[in-house]
Q: 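Below: one structure in structure tokens.
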Amino acid sequence: MTRARITGVGAYAPKRILTNADLEKMVETNDAWIVQRTGIRERRIADENEATSDLAVRAAQQALERANLLPEDVEFIAVGTTSPDMIFPTTGNIVQHRLGCRRAGSVDMLAACAGSIYSLSIGAQFIQTGKYKRVLCIGAETLSKITDFTDRGTCVLLADAAGAAVLEPSEDERGIIDFDLYSDGQYWELLYMPGGGSRHPATRETVDARMHFAKMKGNEVFKVAVRLFVDCAERILARNGFTADDVNLFIPHQANLRIIEAAAKRVNLPMDRVFVNVDRYGNTGAASVYVALEEAVTGGRLKRGDLVLIVAFGGGFAWGAALMRW
Ligand code: UT7
């Protein structure tokens with residue numbers, strides 16, 4: 001089967017920086033706690049008039065330019081997001097129109113932070129089957145719009161950004177070797193947004209009860225996250241005949257530095273082969289892995305032939321891994 005290869009990456013984060021010192025003025029927290037428990041020092045927050053598609057379009061334009069493609073070359077757009085512009089139309093539709101991708105079908109993948117790995121994997125399928133030759137995968141979030149800035153358990157973590165990757169058929173061994181997608185709905189109440197859907201349609205009462213904000217039992221998420229991270233990383237490596245020693249760069253979902261360090265240790269990967277930018281961006285949901293990949297590429301952390309392991313995890317729970325030859 002033809003491998004899907006990433007031929008261009010892009011990223012965009014809003015200009016506005018929210019530091020831990022800023023958060024100290026908003027909720028009862030402090031810089032030392034946030035840094036020690038999460039590794040986050042600052043994050044980017046969208047303006048009032050900036051929506052998820054605005055970030056997605058900028059990241060996608062950069063990825064297309066770097067892949068030397070025109071918008072009309074794109075045949076399919078897969079957007080991972082849990083903070084879409086609206087429930088419908090999809091953010092994919094809005095991005096398709098604004099980019100001018102006249103031939104492209106589009107879809108949104110709502111898989112919380114795992115929207116990154118879901119959008120990348122589903123985009124890759126179209127290349128692998130030979131159906132399409134140019135697919136645009138995007139992870140984009142304005143999580144600040146669904147964050148309760150009176151809840152210190154979430155507002156210190158969640159943030160805004162977008163990243164994109166262009167997939168094309170590979171002519172050699174480079175490209176996505178394998179991926180795995182998983183879900184387990186038994187954990188849904190550990191991380192969710194209760195209001196605004198068909199279970200609790202928006203009413204004055206749901207808004208007064210702050211049900212249109214993300215709710216999280218962080219500590220419980222943490223424990224399951226580390227176990228699932230490790231399980232799926234080990235499984236995809238073993239199935240493809242690799243060990244941690246073969247991995248040149250591990251790009252984990254940037255949820256929390258402690259989760260990343262705990263998972264890397266158990267998988268036996270030293271931190272110098274683990275990409276981390278959670279300190280500067282916080283947890284940007286479906287965008288995080290794409291933004292990290294873009295920084296790894298532009299920062300010279302990847303060379304041709306490197307083995308790259310990506311693992312993402314989020315509410316639902318939904319999680320997964322991708323293994324690729326760069
Ligand atoms: O994207 C994927 C999904 N999300 C995640 O992966 C997030 C996973 N979870 C986490 O990152 C961590 O659980 C948190 C950063 C959310 C919390 O860290 P923790 O080490 O699990 O802290 P905790 O919830 O056990 O709370 C410890 C203490 C508590 O005080 P007491 O009860 O010990 O007095 C909390 O009330 O820290 C307190 N606390 C805070 N203190 C200062 C909780 N949040 C804060 C805060 N600032 N922002």
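No hydrogens, no waters, no symmetry mates; every other heavy atom, side chains included, goes into these values. Note that ligands are numbered from 1 as they come in the structure, with each ligand's atoms numbered from 1 the same way.
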Q: Do the rings of W319 and Y182 sit parallel, tilted or perpendicular, given the 30° and 60° boundaries?
A: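 W319 vs Y182 ring planes: parallel.
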Q: Under 3.5 Å, is there a donor-acceptor pair linking the side chains of T142 and D160?
A: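 There is no such pair between these side chains.
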Q: Collect the protein residues that have a non-hydrogen atom under 4.0 Å from ligand 1 and hand them over in chain and number order.
A: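 Around ligand 1, where the cutoff is 4.0 Å for heavy atoms, the contacting residues are E28, T29, W33, R37, T38, C113, R152, G153, V156, L157, L191, M216, G218, N219, V221, F222, H253, A255, N256, R258, I259, N283, F313.
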Q: Just checking, is any N or O donor in the side chain of S53 or D85 under 3.5 Å from an acceptor N or O on the other one?
A: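 Note: S53 and D85 side chains meet the donor-acceptor criterion.
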Q: Decide yes or no on salt bridge (charged side-chain N to carboxylate O under 4.0 Å, His left out) for D306 and R325, but give the supporting numbers first.
A: CA-CA 6 Å; D306 276 355; R325 187 64 76 189; over 6 Å; no
Q: Other than M1, which residues form its hydrophobic cluster under the rule that side-chain heavy atoms must be closer than 4.5 Å?
A: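 Members other than M1 - counting any ILVMFWY side chain reachable under 4.5 Å - there are none.
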Q: I'd like to know if the side chain of N30 pairs up with that of E24 as donor and acceptor (distance under 3.5 Å, no hydrogens or angles considered).
A: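 The answer is no; no qualifying pair exists.
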